[in-house]
Every structure is written in structure tokens, then in C-alpha cells.
Amino acid sequence: MAEVREVDASADEVWNIVSEVDKDPEYWSGLTSIRNLRREGNLIEREVVVGFMGRKGTQRIELFPKESIQLAMIDGPLRGSREIKLVPLGENRTRIDVSWDIQFSAIPDFAQGFVRSRLEEGTREALDKIAKAVEARRK
């Protein structure tokens, strides 16, 4: 599952927004809260509360400055990964690629389609919010 969005901003400007991972709940619907457990350089391990049922999970994030953010969901209702990759398209244009590789560890079969569609919709919404935040900082 993947979503793409182009924004009128440099990769540096986009990075300044997406790399503030402590603000993820502002962009990613379904992510209710985060609590950092450990932070060492570009590695972050955090506990998250997700979904309308308030399920807890553990995520590991690795930042690759101005290139990508690798998020691994290592415990919780979803297992798998999400990558946010920045692709410069010129001095003031950047493509944001978001790709998911998800295993539904604790979600019943009948609910998986709903969760998948919510992830897709939430990713589109997050990309819209990120684009607006980048544009607001440019002004």
C-alpha cells in the first residue's frame, strides 16, 4: 500500500516537518498518543496508543536525515513497517512517498479491509496536513 504527494517546497523544508516525529498525532489520524521510551541519536523507541479502541503498541523509528523515516511496528494491533521517503524534484519541489507493509496480527479477518481502508485514508489525510504545514512555514 502506497501514497504519493508532491509539495512546492524543498526537501529540507519538508524534512523539517516530517522529522518532528513527536508531533505525529497532529498528522496521523488514529494515532492517539505517543510516549518516547528511548531516544539514541536517530533511533527512537516509543509506546503509542492507536485506534478508536485505544490499543497500545510499540514502534521503533529510524531517521535518515533529509531522506527517509523508517517506522517499524514491533508490538500491538498492527505489525509491519511504514517508510516516508523524500524525493527532491528540483529546488522547490519534493515528492513524499509513503509505503506500508502491514501484517494484521491482532485484527480479525472481517475487520482487516476496514483497517486497510482507514490506513489509506489516514495516509492521504496526513500527506495533506504535512503539505499544509510546509506551506504555512514558507509564508
Side-chain angles (χ1 to χ4, degrees):
M1 174 169 37
E3 292 289 334
V4 175
R5 174 74 186 257
E6 290 185 15
V7 293
D8 292 322
S10 69
D12 287 351
E13 291 170 303
V14 177
W15 179 257
N16 290 338
I17 298 292
V18 297
S19 65
E20 292 182 288
V21 294
D22 289 345
K23 293 185 176 183
D24 279 357
E26 293 177 24
Y27 301 105
W28 298 92
S29 65
L31 187 58
T32 308
S33 67
I34 59 171
R35 182 174 64 89
N36 289 331
L37 304 172
R38 196 168 52 106
R39 184 178 223 132
E40 294 175 15
N42 289 335
L43 291 171
I44 301 159
E45 190 169 304
R46 67 189 188 180
E47 181 182 81
V48 297
V49 177
V50 296
F52 62 90
M53 293 178 62
R55 302 282 304 270
K56 285 188 178 181
T58 305
Q59 298 178 339
R60 192 171 294 130
I61 298 172
E62 188 168 3
L63 304 171
F64 296 90
K66 301 181 183 182
E67 290 179 16
S68 69
I69 299 170
Q70 306 279 334
L71 180 142
M73 293 167 278
I74 54 177
D75 186 35
L78 293 177
R79 301 271 175 105
S81 62
R82 179 190 75 203
E83 178 184 38
I84 300 173
K85 186 175 176 184
L86 303 184
V87 180
L89 300 174
E91 193 174 308
N92 286 309
R93 189 129 180 103
T94 304
R95 188 177 78 222
I96 308 167
D97 294 347
V98 178
S99 58
W100 293 89
D101 180 12
I102 299 294
Q103 293 84 46
F104 296 97
S105 60
I107 298 173
D109 290 346
F110 71 87
Q112 290 180 13
F114 172 76
V115 173
R116 186 178 309 280
S117 68
R118 285 297 304 136
L119 271 176
E120 291 170 351
E121 185 179 328
T123 301
R124 285 190 295 274
E125 289 172 3
L127 287 170
D128 288 344
K129 291 175 185 177
I130 290 165
K132 286 179 181 148
V134 169
E135 291 164 7
R137 280 202 184 170
R138 293 193 89 205
K139 293 179 181 178

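Only heavy atoms go into these numbers, but all of them, side chains included; no hydrogens, no water, no symmetry mates.
Using a distance-only test at 3.5 Å, with no hydrogens or angles considered, no donor-acceptor pair links the side chain of Arg118 to the main chain of Gly30. Of the possible polar contacts, none joining the Thr94 side chain to the Val7 backbone as a donor-acceptor pair under 3.5 Å is found.
Within the 4.5 Å cutoff, the side chain of Leu78 has no heavy atoms near those of the Val50 side chain. Counting heavy atoms from C-beta outward, Trp100 and Met73 have side chains that approach closer than 4.5 Å. Ile69 has its side chain within reach of Trp15: a pair of non-hydrogen atoms, C-beta onward, lies under 4.5 Å apart.
Here the OG1-CE distance, from Thr123 to Met1, works out to 6.5 Å after rounding to the nearest 0.5 Å. Atom CD1 of residue Ile17 and atom CG of residue Asp12 lie 12.5 Å apart, to the nearest 0.5 angstrom. In this structure, CD1 on Ile61 lies 5.0 Å from CD1 on Ile44, to the nearest 0.5 angstrom. Here the CG-CD distance, from Leu37 to Glu45, works out to 5.5 Å after rounding to the nearest 0.5 Å. The OG atom of Ser81 sits 7.5 Å away from atom CD of Gln103, with the distance rounded to the nearest 0.5 Å. Interatomic distance, Glu125 CD to Trp28 CH2, rounded to the nearest 0.5 Å: 10.5 Å.
When only modelled atom types and interatomic distance are considered, Glu13 and Asn16 share no side-chain donor-acceptor pair under 3.5 Å.
A salt bridge links Lys23 to Glu20: at least one charged side-chain nitrogen sits closer than 4.0 Å to a carboxylate oxygen. Salt bridge absent: Glu3 and Arg5 never bring a charged side-chain N and a carboxylate O closer than 4.0 Å.
Placement of Leu119 and Phe114 within a single hydrophobic cluster is found when ILVMFWY residues are connected by side-chain heavy-atom separations under 4.5 Å, directly or transitively. Criterion: ILVMFWY side-chain heavy atoms under 4.5 Å apart, direct or through other members. Under it, Val115 and Val98 are part of a common hydrophobic cluster.
Arg93 meets the salt bridge (Lys or Arg N to Asp or Glu O under 4.0 Å) test with Glu6, Asp8; sequence neighbours excluded. Glu91 pairs by the salt bridge (Lys or Arg N to Asp or Glu O under 4.0 Å) definition with nothing, not counting sequence neighbours.
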Point to revise | From CA spacing to verdict: side chain to side chain contact (heavy atoms under 4.5 Å, CB included), Val21, Gln59 | key: CA-CA 11 Å; Val21 294; Gln59 298 178 339; over 6 Å; no
Practice item. Let me see the working for Glu26 and Lys129 under side chain to side chain contact (heavy atoms under 4.5 Å, CB included), right down to the final yes or no. Key: CA-CA 8 Å; Glu26 293 177 24; Lys129 291 175 185 177; over 6 Å; no
Review point. Could you go step by step and tell me if Asp24 and Val48 meet the side chain to side chain contact (heavy atoms under 4.5 Å, CB included) rule?
Key: CA-CA 10 Å; Asp24 279 357; Val48 297; over 6 Å; no
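Of all heavy-atom pairs spanning Ile34 and Arg46, the tightest one is CD1-NH1, 3.7 Å. Leu86 and Ala11 get closest at one heavy-atom pair: CD1-O, 3.7 Å.
Clustering of Ile, Leu, Val, Met, Phe, Trp and Tyr by side-chain heavy atoms under 4.5 Å joins Leu89 with Val87.
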